[in-house]
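Ligands are counted one by one from 1 in listed order, and the atoms in each one are counted from 1 as well. A quick note: this is a predicted structure, and the numbers were derived from the prediction, not measured.
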Amino acid sequence: MSAAEAATSTLFDVDAIRRAFPILDQQVRGRRLAYLDNAATTQKPQVVLDALVRYYQHDNANVHRGLHTLAERATEQYESARDRLAEFVNARDRSEVIWTRGTTEAINLVAQCFAQSELKAGDAVLISELEHHSNIVPWQLACERSGATLRWIPLRDDGTLDLSDLDALLQGVRLVSVAACSNALGTMHPVREIADAAHAVGAAVLVDAAQATVHQRMDVQAWDADFVAMSGHKAYGPTGIGALIARRSWLERLQPWHGGGEMIETVTLEGSTWNEVPYKFEAGTPNIAGAIGMAAALDWFDGLDHAALLKHEQALLAATVAGLGSIHGLRFIGTAPVKAPIVSFVIDGVHPQDLATLIDQSGVAVRTGHHCAMPTMTRFGIPGTVRASMACYNSFQDIQQLIDATETAAEILS
Ligand code: PLP
């Protein structure tokens, strides 16, 4: 163990954290599991699993509609989860939290509402060359529908955004949508700087926070974002739940995108009126258990020492880069100075798919392919990368297992 590893491990008890995640304690292909695919989805601590089971065993009922005890209990827990999330992200008010299925649905909500009433021919939407497909395709659809134009901030060779022409790019822009952290390369973007420039020309700002929630607490007010999209499953919560956090003035102004129960105030055969925000954007029976599970995940995550967590994850990142960097022919894609613990790499002459298949033989779970960021791969002239992404429960043993597995695979394939 290096001095840096020793320093972080005394602050941060990874073994204790790992014990909270029963899934990690297993063998895969005869080797201990090293789960390094956290940017795709994180594992869930036992307290989240318990919260889901407890809800279904004791309190399951539909929310808001019933007067019976179970309906009241379900509603209370579901709405408390909204309070919990509002507090966690430092929302201005609980009514700014709309439950969605995840980041993808949250971005589609904004894109479709903007296409309906905010965008017109001659307007522009600005994204970046380093976005997940979830933050590209909804804007392509919105621009097609409204006649607006899609523009993007270019990407530098190190995986940072080239903001040198931002003022020119912002001309005529109605909305800017960028990720806080890239899932493909790990680059952390200067969200506040982009938001300030966008607001200076009257554009709205959406932050895709899918990868931002897992590493640290989130502060939507510090970003000064109008919209923030996030997924529960990327931050130790269940799949199928996430949220859009949106400035209330925007929620009042935009028209609903889905119609159905819950989102209405009155319905006649001739027409309907809308419920107050946030319910105006929550048609149908929501993912009640998911919201409760997500709140349990936030509670658990909040119990960690966040300064120590940051140090631990950055030490894992440094150890990964140092270890993999010594492998002959290995090239990192994305070397930004400010990075989340996500490492993307290729080995010259080796297909990433073959590499990841062999790495899996050593019990190491990494992801391979374009990571839903095809324009980024095109920018670097590669079909895909192998990506290792860390979370709080990863240990230096996981990293060593990755380095050894990659070395062995590279020897076999080169
Ligand atoms: N944006 C980013 C940066 C992501 O990493 C992901 C998922 O990997 C998404 C959006 C989409 O998230 P979800 O599939 O949970 O909706």
Checklist line | Side chain, backbone, both or neither: the part of Thr103 lying under 4.0 Å from ligand 1 by heavy atom | finding: both
Check: Do the ring planes of Phe301 and His306 sit parallel (below 30°), tilted (30 to 60°) or perpendicular (above 60°)?
Finding: perpendicular
Next item on the list: Before accepting this row, confirm whether a basic side-chain N of the pair Arg247/Glu252 lies closer than 4.0 Å to the acidic partner's carboxylate O.
Entry: no
Check: Do any N/O atoms on Ser231 end up under 3.5 angstrom from N/O atoms on ligand 1?
Finding: yes
Check: Going by the atom numbers of ligand 1, which of them fall below 4.0 Å from some non-hydrogen atom of Gln211?
Finding: 3 (C), 4 (C), 5 (O), 8 (O)
Margin query: Can you confirm whether the side chains of Arg29 and Ser362 place a donor and an acceptor under 3.5 Å from each other?
Written below: no
Note to self: Could you identify the single nearest non-hydrogen protein atom to atom 1 (N) of ligand 1 and state the distance to 0.1 Å?
What the structure shows: Asp208 OD2, 2.5 Å
Next item on the list: Report yes or no: does Glu131 have a heavy atom closer than 4.0 Å to ligand 1?
Entry: no
Checklist line | Ion pair check, Arg19 and Asp15, cut-off under 4.0 Å | finding: no
Next item on the list: Please list, chain by chain and in numerical order, all residues satisfying side chain to side chain contact (heavy atoms under 4.5 Å, CB included) with Pro341, sequence neighbours excluded.
Entry: His215, Glu313, Leu317, Met390
Next item on the list: Identify, by atom number and element, the atoms of ligand 1 in contact range of Ala210, meaning under 4.0 Å from any of its heavy atoms.
Entry: 1 (N), 2 (C), 4 (C), 6 (C), 9 (C), 10 (C)
Next item on the list: Answer side chain, backbone, both or neither: which part of Arg101 comes under 4.0 Å from ligand 1, heavy atoms only.
Entry: neither
Item checked: Heavy atom of Asn135, distance to ligand 1 below 4.0 Å -> no
Next item on the list: Name the orientation class of the two ring planes belonging to Trp139 and Phe114 (parallel below 30°, tilted from 30 to 60°, perpendicular beyond 60°).
Entry: perpendicular
Check: Can you find an N or O of Lys234 that's nearer than 3.5 Å to an N or O of ligand 1?
Finding: yes
Item checked: Numbering as shown, the atoms of ligand 1 that approach Thr104 to under 4.0 Å (heavy-atom distance) -> 11 (C), 12 (O), 13 (P), 14 (O), 16 (O)
Notebook entry, point to check: Would a 4.5 Å heavy-atom cut-off, applied to side chains only, mark Phe227 and Val205 as touching?
Noted result: no
Margin query: With a 4.5 Å cut-off on side-chain heavy atoms, are Ser344 and His371 touching?
Written below: yes
Margin query: Using heavy-atom distances only, which candidate in Arg367, Glu105, His132 approaches atom 4 (C) of ligand 1 most closely?
Written below: His132
